[in-house]
Chemist: 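The structure that follows is given in the form of C-alpha cells.
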Amino acid sequence: MVRPNEEVEALLQEYADLVLITGGDAFKARAYEKAARAVGGYHADVSRLDAKGLQEIPNVGRSIAEKVTEYLRTGRMPAVEDVRSKIPPGVRELMGIPTLGPKKAMLLYQDLHISSVPQLLDAIHQERLRDLKGFGPKTEENILHGIALMQAAGDRVPLNVAMEVAEDIVAELSAITGCERCTYAGSLRRMRETIGDVDILVAARGSGPFMAAFTRLPGTAEVIARGEKKTSIRTAKGLQVDLRVVPPDSWGAGLQYFTGSRPHNIRTREMAVHHKLKLSEYGLFHAKSGRKVVSRTEEEVYARLGLPWIPPTLREDRGEVAAGLRGELPELIQEADIRGDLHTHTDLTDGLAPLEEMVEAAARRGLRYYAITDHAPNLSMQRMTDEKVLAQRERVRELDGKHRKMRLLHGTELNIDADGSVDWPPEFLAGFDLCVASVHSHFNQGRDALTRRLVTACEHPEVNIIGHPTTRIIGKRPALDMDLDAVFAACARTGTALEINSHPDRLDLCDDHILRAKRYGVKFAVNTDAHAPLHLANLRYGVGTAQRGWLTAEDVINTWPLDRLRRFLRKDALARA
DNA sequence: GCCGTTTTCGGCCCGACTGTTTTCAGTCG
C-alpha cells in the first residue's frame with residue numbers, strides 16, 4: 001500500500017538509529033541514513049530493481065543493495081531484526097523526543113530499564129533521573145517539554161502519509177464492479193495539516209463487495225468493525241480508515257456530511273432548520289413531511305440552502321458560510337495556477353539529485369519557470385563557496401533555453417543570522433535572480449530579538465522571500481516565538497513575500513498565519529523546497545494550505561507571468577504600485 | 001557502509017549551542 005521506496009527508507013533509517021543507539025560506528029550510521037534518504041527520494045520503484053539497479057542509487061553500495069534485495073524477496077532484513085531483538089522498539093521511540101538522542105536514550109534503557117514514553121514520564125515524576133550521569137534539572141524540563149509537544153500532535157499522521165493510503169484505497173475500490181463513485185472525505189479532503197483517521201466514501205447499490213475487499217486490502221492489519229454501512233480497519237502503521245458505502249442517490253449529502261468539518265456541518269444544518277428542512281448524510285428533507293428534497297450532489301445540497309458550492313478547504317466555520325451567502329467566496333488558487341517553483345535544492349548542497357535531473361523533472365511537471373536555490377555558506381555543513389555557486393550559475397545559464405517552455409532562475413537560500421544579516425555582501429547577492437532567506441539556527445533568541453531579526457531580513461534589498469517563516473516542524477518543533485504582526489507588516493511594506501513551504505512536515509506558513517498575513521497585503525510564494533525530483537509533487541499540499549488560508553492566484557507571486565514576477569523581485573516600490 | 005581527477009584505504013558535514021561539567025559530551029541543523 002505504501003510505496004516500497006518508503007518502506008525501505010524507513011527500514012534503513014531504523015537500522016541507522018539502532019547502530020547509533022548501540023554505540024556502533026557513527027559513519028556507518030550516517031551511510032545508512034544517506035542511503036535511506038536517497039532511496040526515499042529515488043524516482044524509480046525499488047521493488048522493480050535488481051541488486052545492480054539498486055547500486056545505481058547514490059549512496060547505495062553492495063552491502064545495502066544486498067540487504068534491500070533480500071528484503072524485497074523475503075519481506076525481512078535480518079540485520080535489522082538482529083538489532084531489534086536486542087533493543088526494545090520503545091528505546092528508539094525515545095529518540096523522537098527533541099533533545100533526546102541515541103546516547104541518552106540508551107543510558108535511560110541500560111540504567112533505568114526505560115523503553116517507552118510513559119515509563120520515562122513515570123521515572124521523571126519519581127525523580128529517578130536525578131542520579132543519572134549527564135541528566136540535570138534542565139534536561140528533565142526539556143524532556144517534559146518535548147513529550148508535551150509530541151503528545152500535542154497525538155496519533156495524527158502527516159497529510160501526505162494519509163493521502164497516499166487514501167489514494168491507494170480509492171484506486172482499489174474504484175475498480176470494483178458496481179462502484180459508481182469513490183473518493184476520500186473528512187479532514188483529508190479539507191487538507192488539514194495532520195490527519196486523525198481517513199474517511200473513504202463509496203456510492204454503490206450494494207455494500208458487500210466493497211466491505212469485503214476493504215478488509216482484505218494488503219495494508220489492513222486489523223478489522224476494528226465491520227457492518228453493512230460502515231467498516232473500520234487499522235493499517236499496519238496504526239492509521240484508522242473508515243469506509244462508508246452510500247446509495248448513489250445519497251452521494252452528495254453523504255460527501256458533504258463526511259467531509260465536515262463538524263462546526264461547518266452544524267452551521268449548514270442550522271441553515272437547513274431555518275429553511276424548515278433537515279440535513280443529514282442521506283439528504284436534505286422537508287422537516288414536516290420527511291420528503292427528500294435533494295441529495296445527489298453537493299452542489300444541489302448547498303444550492304437548496306441558498307449557498308454556492310463551498311470548496312472543502314474552506315469548510316472550517318471561519319466565515320465561509322457568511323461569505324457564500326454574500327456571494328463573496330474567494331476564487332481559490334488551484335495547483336494548475338502555479339507557474340513556477342521558487343525554492344529548490346540540488347546535490348551541490350543537501351539535495352539528492354544533480355541540477356540537470358531536477359530541471360528535467362520540473363520541466364516534465366509543466367512549470368514555466370524554475371528557481372534553483374541551494375544553501376549559502378553560513379550553513380557551514382553544506383560547504384557552499386563563492387566559486388561553487390558561480391560555477392552553478394554558469395551551468396544554469398547554459399541549461400536555460402534548453403527547455404523551450406521553461407525558464408531557469410538562479411537563486412540561493414540564505415541564512416538569516418542572529419542579528420538579521422545574511423550570507424554574502426549585497427553586491428554579490430545582486431548577481432542572483434532571487435534570494436530566499438530562512439532561519440536555520442538560534443531558534444530560542446527570545447521574542448523581541450527574533451522579531452527584529454525577521455524584520456531586518458525583510459528590509460534587506462536583496463531578500464525576496466522568507467523561507468519556512470516560523471521554522472516549525474509539525475509534532476517536533478514549535479513555531480518561532482515572534483511578533484508575527486510586526487513581521488507581516490514588514491513584508492507588506494518592503495515587498496518581501498512569505499513562503500508557504502509545501503513540505504508535509506512543515507506547511508509553513510500554516511493556514512491561520514496566512515489568513516492573518518493576507519490582511520496586511522502580504523504576497524506569498526507556494527514552494528516545494530524540493531531536495532529530490534519526487535518532492536516537486538508536494539506542491540499540492542502547499543496549494544491546499546494556501547486554499548485553507550483563503551488565497552487566490554493573485555496573492556501568490558509564483559502564479560504570475562515571469563515578467564511580472566521579475567518586477568516584484570526588484571523590490572522596487574514603484575514597480576509594485 | 002560508501003566513495004574515489006586519492007583505485008582499495010582513509011576520509012566521510014562542520015560548527016554552535018546546551019547543560020552539564022570543571023573541560024566536555026550530546027544534540028541539532
Side-chain angles (χ1 to χ4, degrees), chain A residues 8 11-39 51 54-68 77 79-80 83 92 94-108 110 129-146 149 345 347-352 374-385 388 413-419 423 438-446 449 467-468 471-473 476-478 480 501 503 505-506 508 529 531:
Chain A
V8 172
L11 216 52
L12 294 175
Q13 181 61 52
E14 179 181 355
Y15 191 64
D17 287 346
L18 291 172
V19 167
L20 284 175
I21 290 175
T22 51
D25 179 10
F27 288 115
K28 179 175 163 182
R30 177 143 330 139
Y32 275 94
E33 256 169 44
K34 276 156 70 173
R37 246 164 53 84
V39 167
L54 287 168
Q55 285 186 65
E56 304 269 304
I57 304 174
N59 304 309
V60 175
R62 203 162 58 88
S63 169
I64 292 182
E66 268 172 25
K67 290 189 173 79
V68 173
M77 202 180 282
V80 179
V83 231
R92 179 168 177 250
L94 296 179
M95 282 177 67
I97 302 167
T99 73
L100 266 195
K103 293 289 184 304
K104 285 204 166 87
M106 192 56 179
L107 201 65
L108 287 168
Q110 279 183 326
L129 264 57
R130 297 286 164 90
D131 326 319
L132 220 52
K133 190 165 178 281
F135 285 71
K138 196 73 188 168
T139 308
E140 270 184 16
E141 201 181 296
N142 286 339
I143 292 174
L144 286 173
H145 184 71
L149 211 61
H345 296 272
D347 62 2
L348 184 62
T349 56
D350 59 351
L352 293 161
D374 269 312
H375 287 289
N378 292 358
L379 202 63
S380 51
M381 62 180 171
Q382 304 300 350
R383 298 182 149 184
M384 179 56 96
T385 63
K388 279 190 190 169
E413 183 184 11
L414 301 166
N415 306 286
I416 305 177
D417 223 329
D419 61 359
D423 321 55
S438 319
V439 170
H440 292 117
S441 61
H442 306 90
F443 301 112
N444 297 316
Q445 266 185 318
H468 43 75
T471 77
R472 71 151 177 186
I473 308 284
K476 191 125 201 197
R477 186 169 68 205
L480 295 175
N501 189 296
H503 195 292
D505 292 340
R506 289 193 184 269
D508 180 13
D529 197 359
H531 285 66

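Numbered from 1 within each chain, the chains take letters A, B, ... in sequence-line order. Worth knowing before you read on, the calculation uses all heavy atoms, side chains too, and leaves out hydrogens, waters and symmetry mates.
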Chemist: Is there a side-chain polar atom (N or O) of H442(A) under 4.0 Å from OP1 or OP2 of dA16(B)?
Modeler: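 No, because none of the side-chain N or O atoms of H442(A) sits under 4.0 Å from OP1 or OP2 of dA16(B).
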
Chemist: Both distances below 3.5 Å, Watson-Crick or wobble geometry, any strand: find the nucleotide opposite dG4(B).
Modeler: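 Pairing partner, where one exists within any strand: dC9(B).
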
Chemist: Under 4.0 Å between a side-chain N/O of R62(A) and OP1 or OP2 of dC3(B), yes or no?
Modeler: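 For R62(A), the contact criterion (side-chain N or O under 4.0 Å from OP1 or OP2 of dC3(B)) is not met.
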
Chemist: It should be established whether K103(A) places a side-chain nitrogen or oxygen under 4.0 Å from OP1 or OP2 of nucleotide dG26(B).
Modeler: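 K103(A) to dG26(B) OP1/OP2: no side-chain N or O under 4.0 Å.
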
Chemist: Using the P atom on both, measure dC12(B) against dG19(B) and round to a whole Å.
Modeler: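 Here dC12(B) and dG19(B) have their P atoms 30 Å from each other.
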
Chemist: Would you indicate what Y32(A) reaches in the nucleic acid, counting non-hydrogen atoms under 4.0 angstrom: base, sugar-phosphate, or nothing?
Modeler: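 Sugar-phosphate contact only.
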
Chemist: Does S63(A) reach a base, just sugar-phosphate, or nothing at all? Heavy atoms under 4.0 Å.
Modeler: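 It contacts sugar-phosphate atoms only.
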
Chemist: What distance, rounded to whole Å, do you find between the two P atoms, one in dT23(B) and one in dA16(B)?
Modeler: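 Going atom to atom, P in each nucleotide, I get 23 Å.
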
Chemist: What's the verdict on ring pair (Phe, Tyr, Trp, His ring centres under 6.0 Å) for H440(A) and H468(A), showing C-alpha distance, side-chain angles and the deciding distance?
Modeler: CA-CA 10 Å; H440(A) 292 117; H468(A) 43 75; 5.5 Å; yes

Chemist: Report yes if a side-chain nitrogen or oxygen of N444(A) is closer than 4.0 Å to either non-bridging phosphate oxygen (OP1 or OP2) of dC17(B); otherwise report no.
Modeler: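 For dC17(B), OP1/OP2 do not have a side-chain N/O of N444(A) under 4.0 Å.
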
Chemist: How do A105(A) and T139(A) order along DNA chain B: which one's closest nucleotide is nearer the 5' end?
Modeler: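 It is T139(A) whose nearest nucleotide is closer to the 5' end.
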
Chemist: Compare every heavy atom of L352(A) with every heavy atom of P58(A), then report the nearest pair and how far apart it is.
Modeler: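 P58(A) and L352(A) have their closest heavy atoms at CG-O, 4.5 Å.
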
Chemist: Reckon L100(A) touches a base, only the sugar-phosphate, or nothing at all at heavy-atom distances under 4.0 Å?
Modeler: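 If one applies the 4.0 Å heavy-atom cut-off, L100(A) turns out to touch the sugar-phosphate alone, with no base involved.
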
Chemist: Check whether any side-chain heavy atom of T99(A) lies under 4.5 Å from a side-chain heavy atom of T139(A), and answer yes or no.
Modeler: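 No - every pair of side-chain heavy atoms lies 4.5 Å or more apart.
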
Chemist: Mind telling me if dT18(B) is syn or anti? Syn here is a glycosidic angle within 90° of 0.
Modeler: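 For dT18(B), whose glycosidic angle is more than 90° from 0, the conformation is anti.
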
Chemist: Would you check if there is a donor-acceptor pair between the side chains of D508(A) and N501(A) at a distance under 3.5 Å?
Modeler: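 Judged by distance alone, the side chains do not pair up.
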
Chemist: Distance check, P atoms only: dT22(B) and dC28(B), in whole angstrom units.
Modeler: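 Pairwise P distance, dT22(B) against dC28(B), rounds to 23 Å.
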
Chemist: Please measure how far the C1' atom in dC13(B) lies from the corresponding atom in dC3(B), and state the result in whole Å.
Modeler: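 These two C1' atoms come out 15 Å apart once rounded.
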
